[in-house]
J.: 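Questions regarding the structure given below will be posed in turn.
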Amino acid sequence: MIKASIGLQDLRRKIYLKAKSDKTWRFWGLYVHVCKIETLHLAYREAKKNNGAPGIDGVSFADIEAAGLKAFLEQIQNELHSRTYRPMRNRIKEIPKGNGKVRTLGIPGIRDRVVQGALKLILEAIFEADFQEGSYGYRPKRTAHTAIDRVASAVVKNKTRVIDLDLSAYFDNVRHFTLIKKVAERVNDDDVLRLLKLILKVGGAKGVPQGGVISPLLSNLYLNEVDKMLERAKEVTRKGRFTYIEYARFADDLVVLVDGFGKWEWLLKAAYKRLVEEFEKLGVQMNQEKTQIVNLTQDETFSFLGFDFRRIKTRRGAWGGDELLHE
DNA sequence: CCGTCAATGAC
RNA sequence: CUUGUCAUUGACGG
C-alpha cells in the first residue's frame, strides 16, 4: 500500500480525534511512528532548545552535532527497530528547593531524552483526549492563570468549603505496574509498552524521574482517575446550570471546592473520603499535616499555584469576590 | 504561513 | 556537567 506519508502534526491530530470520539479504542501500530526520523528529529529539537546538560555519558548537543546529527538519529532508529535500544542510567543531581529540602533529579542522556520525547509526542495525542477539564499542569494550551480563574470563579459562586490537598513526592511514588496498566487501556502495541517499561526501569523500581521528558505526561495519566472521580461528583450533583463542587489540579497541587450551604456538607465529607480511597489505591501519600479543609466564610485561607485565596468583605458589608494576595 | 533565538513563571 | 514539561511575552529570519 502506497499511503502517502502524512506529517507528524496531522498524525497527532488524527490520533487525538480518534481517541476523543472512541473512548475505548486501543491504538496499535504506534511504534513505527515513534521510530520515524521525523518524530526523532522533532524530539531532538525540543530537547535542544532547553539547553540542557548532558546525561551520565557526558555527551552534549555540541558533541552530537559535531559527529553528525543525521547519523545520531539513524543510530537511535536502528536500535529501536532492532529492539536493541537500552536507555542509560539517569544522572542523579540534587538541587536545593526553596524550603531548604532537596529535589532529586534523574537526568537522562540526550539520546534517551530524544527517545522519550518521540514516545511522548505519540502518547500525548492519545491521552490528551482522556484528560479532564480540571487538569491544568503540563498540558498543551493550558496555563496556571486559567486554573486560578477556575478556582476564583468557584469561590465567587459560593463554593467556600475547600479541601486543599498536599501530596508528598508523588512523582516518586508512581507504581510502574499500575501506570503501565493505565497506558495499556489505550495502547495495544507491545513494542511501545516494552519501550516504556525500559524507560521506567532505569529510573528505579518505582516512580517517574523528575527530569524525564515523558514524566509529566505519565504523572497526569496516573492521577486521571482522581480527576474523573471529581468530575463525576460534579455532574451527579449538578442541577441544571448550577454545580455544587469544583476542582482544579496542577501537577500535585489539588483543590476541591464545595458549596458553603449546609445541605452540601455531606458532599464535602464524601469527596474527602473518596479522595483518600483513590490515593490509597494509587499508593500516593497525602501529606496529612499540610492537607486541610478550610472554611472561607470563617476567614480561613488556602493557597493554590502561589496565590493566597481569601474571602473579603466589601465596604457595604456584603460578601465580595475572592481576593488574591501576594505573588 | 513556516521557522530560529532570548526572556518569564507554574509545578 | 540545574533536569524536565507546559504556557506566555519579545526579537529576528525565510
Side-chain angles (χ1 to χ4, degrees), chain A residues 7-10 38 41-65 69 87-99 101-121 123-125 127-128 131 134-151 165-172 174 199-200 202-204 207-223 248-255 284 287 290 303-308 324 326-327:
Chain A
L8 184 55
Q9 289 313 320
D10 288 336
E38 184 189 5
H41 188 54
L42 180 58
Y44 177 83
R45 267 186 284 135
E46 293 292 320
K48 190 191 170 187
K49 74 177 176 212
N50 293 329
N51 270 314
I56 198 141
D57 60 352
V59 174
S60 68
F61 290 100
D63 295 336
I64 288 163
E65 287 174 30
L69 177 57
M88 66 187 84
R89 278 177 295 116
N90 294 330
R91 183 164 59 84
I92 301 304
K93 177 77 182 174
E94 305 213 323
I95 61 172
K97 282 201 293 195
N99 51 15
K101 299 197 158 195
V102 293
R103 207 155 78 96
T104 303
L105 301 178
I107 303 165
I110 289 175
R111 55 177 231 128
D112 299 327
R113 272 177 244 166
V114 170
V115 172
Q116 285 189 34
L119 190 56
K120 195 218 76 172
L121 283 168
L123 294 184
E124 185 174 65
F127 291 111
E128 266 301 311
F131 290 162
S135 167
Y136 289 89
Y138 315 125
R139 293 190 56 195
K141 303 292 170 207
R142 299 207 155 211
T143 70
H145 183 79
T146 53
I148 288 165
D149 281 353
R150 180 170 163 118
V151 171
L165 282 104
D166 187 272
L167 307 181
S168 24
Y170 99 110
F171 263 52
D172 301 334
V174 168
I199 290 168
L200 290 173
V202 293
V208 291
Q210 312 207 24
V213 176
I214 46 167
S215 298
L217 174 69
L218 296 177
S219 76
N220 273 336
L221 175 60
Y222 200 66
L223 293 189
R249 185 174 68 79
F250 197 110
D252 58 353
D253 212 346
L254 172 62
V255 287
V284 172
N287 186 330
K290 284 160 72 177
S303 163
F304 183 59
L305 302 184
F307 284 84
D308 290 334
L324 319 177
H326 202 333
E327 72 180 58

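All values derive from a computational prediction rather than experimental measurement. Proteins come first, then strands; the chains are lettered A, B, ... in the order of their sequence lines, and each starts at number 1.
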J.: Go nucleotide by nucleotide along RNA chain C from the 5' end; which of A:L105 and A:F250 gets its closest nucleotide reached first?
T.: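 Nearest-nucleotide comparison on RNA chain C picks A:L105.
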
J.: Whole Å only: how far is the CZ atom of A:R142 from the P atom of C:U5?
T.: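 The distance from CZ of A:R142 to P of C:U5 comes to 20 Å, rounded to the nearest Å.
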
J.: If you only use heavy atoms from C-beta on, which nucleotide in C:A7, B:dC11, C:C1 is closest to the side chain of A:P54?
T.: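 Closest of the options to the side chain of A:P54: C:C1.
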
J.: Assess whether a salt bridge exists between A:K48 and A:E65, defined as any Lys/Arg side-chain N lying under 4.0 Å from an Asp/Glu carboxylate O.
T.: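 So A:K48 pairs with A:E65 through a salt bridge.
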
J.: Considering every strand and a 4.0 Å limit on heavy-atom distances, what is the contact class for A:R45: base, sugar-phosphate, or nothing?
T.: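 Sugar-phosphate only.
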
J.: Counting Watson-Crick and G-U wobble pairs only, both distances under 3.5 Å, name the nucleotide matched with C:C6, or none.
T.: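 Partner of C:C6: B:dG9.
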
J.: Output the single nucleotide from C:U3, B:dC5, C:A7 whose closest atom is nearest the side chain of A:K48.
T.: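 So the nucleotide nearest the side chain must be B:dC5.
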
J.: At under 4.0 Å between heavy atoms, what does A:G212 touch on the DNA or RNA strands: base, sugar-phosphate, or nothing?
T.: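 Counting heavy atoms under 4.0 Å across all strands, the contact made by A:G212 is with sugar-phosphate only.
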
J.: Within the structure shown, what part of the strands sits under 4.0 Å from A:G52 by heavy-atom distance: base, sugar-phosphate, or nothing?
T.: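 Touches sugar-phosphate only.
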
J.: Could you tell me how far B:dT8 sits from C:C1 if I compare only their C1' atoms? Round to whole Å.
T.: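 Their C1' atoms lie roughly 25 Å apart.
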
J.: Using only side-chain N and O atoms of A:R139, determine if any of them is under 4.0 Å from OP1 or OP2 of C:A7.
T.: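 So the side chain of A:R139 is outside the cut-off, no N or O lying under 4.0 Å from OP1 or OP2 of C:A7.
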
J.: Identify, between A:E124 and A:I95, the residue whose nearest nucleotide on RNA chain C lies closer to the 5' end.
T.: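 Taking each residue's closest nucleotide, the earlier one in sequence belongs to A:I95.
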
J.: For A:K49, answer base if it contacts any base atom (sugar-phosphate contacts may also be present), sugar-phosphate if it contacts only those atoms, and nothing otherwise; contact means non-hydrogen atoms under 4.0 Å.
T.: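 Result for A:K49 = nothing.
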
J.: With A:Q210, which of A:I95, A:I107, A:N90, A:D172 fulfils side chain to side chain contact (heavy atoms under 4.5 Å, CB included)?
T.: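 That would be A:D172.
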
J.: Does A:D252 use its side chain to pair, donor to acceptor, with the backbone of A:A169 at less than 3.5 Å?
T.: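 Side chain of A:D252 to backbone of A:A169, a donor-acceptor pair under 3.5 Å: no, none is there.
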
J.: For C:U5, does either OP1 or OP2 sit under 4.0 Å from a side-chain N or O belonging to A:N50?
T.: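 Yes, because at least one side-chain N or O of A:N50 sits under 4.0 Å from OP1 or OP2 of C:U5.
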
J.: Can you tell me if the side-chain N/O atoms of A:R91 get under 4.0 Å from OP1 or OP2 in C:U2?
T.: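 For C:U2, OP1/OP2 do have a side-chain N/O of A:R91 under 4.0 Å.
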
J.: Would you please say whether a donor-acceptor pair under 3.5 Å links the side chains of A:D149 and A:T146?
T.: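 The criterion, which ignores hydrogens and geometry beyond distance, is not satisfied for A:T146 and A:D149.
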
J.: Measure from CE on A:M88 to C1' on C:U3 and round the result to the nearest Å.
T.: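 After rounding, the reported distance stands at 15 Å.
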
J.: Which nucleotide wins on minimum distance to the side chain of A:N51, given the candidates B:dA10, C:U3, B:dA6?
T.: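 Selected nucleotide (nearest to the side chain): B:dA6.
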
J.: Is it true that a side-chain atom of A:R89 and a backbone atom of A:R91 form a donor plus acceptor pair closer than 3.5 Å?
T.: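 Pair absent, no side-chain N/O of A:R89 close to backbone of A:R91.
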
J.: Take the protein atom CG of A:L42 and the nucleotide atom C1' of B:dT4, then report the distance between them rounded to whole Å.
T.: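 Result: 14 Å.
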
J.: Please give, in whole Å, the distance from C:U3 P to A:Q116 CD?
T.: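 Rounded to the whole Å, the gap is 15 Å.
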
J.: Categorize A:T143 for me: base, sugar-phosphate, or nothing, with a 4.0 angstrom heavy-atom threshold over every strand shown.
T.: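 Since only primed, P, OP1 and OP2 atoms lie under 4.0 Å of A:T143, the category is sugar-phosphate.
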
J.: Nearest whole Å is fine: how far is C:G4 C1' from A:E46 CD?
T.: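 After rounding, the reported distance stands at 12 Å.
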
J.: Rounded to whole angstrom units, what separation is found between the CD1 atom of A:I107 and the P atom of C:U5?
T.: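 The distance from CD1 of A:I107 to P of C:U5 comes to 12 Å, rounded to the nearest Å.
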
J.: Write down the distance between OH (A:Y170) and C1' (C:U5), rounded to a whole number of angstrom.
T.: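 It is 11 Å, rounded to the nearest whole Å.
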
J.: Does a nitrogen or oxygen in the side chain of A:K93 sit under 4.0 Å from OP1 or OP2 of C:U2?
T.: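 Answer is yes, contact under 4.0 Å.
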
J.: For A:I214 and C:C6, give me the distance from atom CD1 to atom C1', rounded to whole Å.
T.: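 Taking atom C1' of C:C6 as the reference, CD1 of A:I214 is at 16 Å.
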
J.: State, to 0.1 Å, how close A:A147 and A:A248 come at their nearest heavy-atom pair, and which atoms those are.
T.: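 Heavy atoms only, the tightest pair is O-CB, 4.3 Å.
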
J.: If you look at every strand shown and take non-hydrogen atoms under 4.0 Å, does A:D252 touch a base, only sugar-phosphate, or nothing?
T.: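 Sugar-phosphate: the residue A:D252, judged by heavy atoms under 4.0 Å, touches backbone atoms but no base.
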
